[in-house]
2 protein chains.
Amino acid sequence: MPKRPGVNQDRLVEASLELIQEQGEQGLTFVALAKKLGIKPPSLYNHVRSIDDLKYILRLRGLRLLESDLKNAVIGRSESAALHSLCHAYRHFAQTQPALYRMTLASTEHDDADLQAAGRASLEVLLAVLSGYGLEGERALHAIRCLRSALHGFVSLEIAGGFAMPLDLDDSFELLIRQQEQGLRELPPRG
Amino acid sequence: MPKRPGVNQDRLVEASLELIQEQGEQGLTFVALAKKLGIKPPSLYNHVRSIDDLKYILRLRGLRLLESDLKNAVIGRSESAALHSLCHAYRHFAQTQPALYRMTLASTEHDDADLQAAGRASLEVLLAVLSGYGLEGERALHAIRCLRSALHGFVSLEIAGGFAMPLDLDDSFELLIRQQEQGLRELPPRG
DNA sequence: GTCAATAAACTATTGTCATTAGTTTATAAA
DNA sequence: TTTATAAACTAATGACAATAGTTTATTGAC
């Protein structure tokens, strides 16, 4: 029973993604969004509860897109091939949608169940890859934290312009992957 | 020739740090800041050019504090001891001043020379530690990028609440350090 | 086809910001 | 004591999110 089939939440999210793609997260305002959709700002409240609600929706969307990309990257691959493909997919996601990536990883008090579930889904993909290295249980979870840290750290520094030295970024990233793989093959002893 | 020795830029920065410590970056407004200082918002423009200018100043302050902490952490230490101490200092900084850490690493179009210099200073500390591992030149720079990525990734995920699994974070961080050290001792071959 | 229900748009308004312009005040030096 | 000026002030503007209340268009029942 849709009454006026103009704007719906999907179109709203789509337009929001375009906005942050063009102007970054700070370009995402109800004024700009309404203009892009051809309606007045207050009408947006028929589709989202608030601008924070909209950002939450985008965050969730980002997490799910990322998980989808990661899953596609490892399909039909295992061990080293899977790891490399996954790492490149992760970086590619952040490079092509930097604003969405930033929002996805933004901290929030809104620790929602859906949000956690979406995050856990990506974790499952990593776990599957690590099982190919014979890692399971707590050891695997600790290892995943290290891998996630390296990936997130690299791509967030990269899209923030944090790597200033005139040195090939692809080379650095390849080294990072090799180091991670080495860390998985021979988990260093305590000490 | 100070005319009215009330608020100056140092007190302003100090109050700003308290504000973001208490309420996060979004709690940093000229209204709140002026109230904390006992003046009216427009008076703040006698000490900073804009709120973005203030955030730039805080970013710079954060970078310099971080560098100072890192430097102190490695003084009188070398190789493994230096690396461990440095990593823990890095994490400690982010844990105790999460909002400032977040701002420090925030992306900016304001790619200022002072900002770059401050960032490079921390890099020098890392370089000094790596030289103890026999790493120099481009190899050292690539290795630094990996180390920075791991550190930044871990602490930013940690302060964002990104590690949801019920698993000791200190243990994960220790593993991360050991993996990084292993990566430095035996730089993995290409392929 | 008419009409009631309602989703989705609208107008008008409020409150919170950052920011600017112009004015007053207090201090330091002459 | 006077003067220059840094640093406060008042008043106002414009962007934004958000709310209240109103209108409009479409759907579905009759």
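Naming convention: chains lettered A, B, ... in sequence-line order (proteins, then strands); numbering from 1 in each chain. Hydrogens, waters and symmetry mates play no part in the numbers below; they use all other heavy atoms, side chains included.
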Return no unless some side-chain N or O of B:His47 is found under 4.0 Å from OP1 or OP2 of D:dA8.
yes
According to the ring-ring contact (aromatic ring centres under 6.0 Å, His included) rule, which pairs have a member within residues 12-39 of chain A, sequence neighbours left out?
A:Phe30-A:Tyr45
Within residues 118-132 of chain B or reaching into it, pairs that qualify as side-chain hydrogen bond (donor to acceptor under 3.5 Å, both in side chains) - sequence neighbours excluded:
none
Could you run through nucleotides 9-17 of chain D and give me one letter per nucleotide, 5' to 3': B if any protein heavy atom sits under 4.0 Å from the base, S if only the sugar-phosphate is that close, - if neither?
BBB----SS
Rounded to 10°, tell me the angle between the two end axes of the helix from C:dG1-D:dC30 to C:dA30-D:dT1, each built from five pairs.
0°
Among pairs that include at least one residue of residues 129-140 of chain B, which meet salt bridge (charged side-chain N to carboxylate O under 4.0 Å, His left out), considering only residues two or more places apart or in two chains?
none
Quick test of your reading: applying salt bridge (charged side-chain N to carboxylate O under 4.0 Å, His left out), list the pairs with at least one residue in residues 37-52 of chain A, sequence neighbours left out, ordered by first then second residue.
A:Arg49-A:Asp53
Applying side-chain hydrogen bond (donor to acceptor under 3.5 Å, both in side chains), which residue pairs with at least one partner in residues 12-23 of chain B are found, sequence neighbours left out?
B:Glu18-B:Lys36, B:Glu22-B:Lys36
When you measure from every atom of DNA chain D, which of residues 8-19 of chain A have a heavy atom less than 4.0 Å away?
none
Residue set satisfying side chain to side chain donor-acceptor pair (under 3.5 Å) with A:Ser172, at least two apart, ordered chain then number -> B:His142, B:Arg145
For the CG atom of B:Asp171 and the CG atom of B:Leu176, what is their distance to the nearest 0.5 Å?
12.5 Å
Under the rule for side chain to side chain donor-acceptor pair (under 3.5 Å), what residues qualify as partners of A:Arg91, not counting sequence neighbours?
A:Glu158, A:Asp170
Considering residues at least two apart in sequence or located in another chain, which fulfil the side chain to side chain donor-acceptor pair (under 3.5 Å) criterion with B:Glu181?
B:Ser80, B:Tyr133, B:Arg185
Who are the side chain to side chain donor-acceptor pair (under 3.5 Å) partners of A:His88, not counting sequence neighbours?
A:Glu174
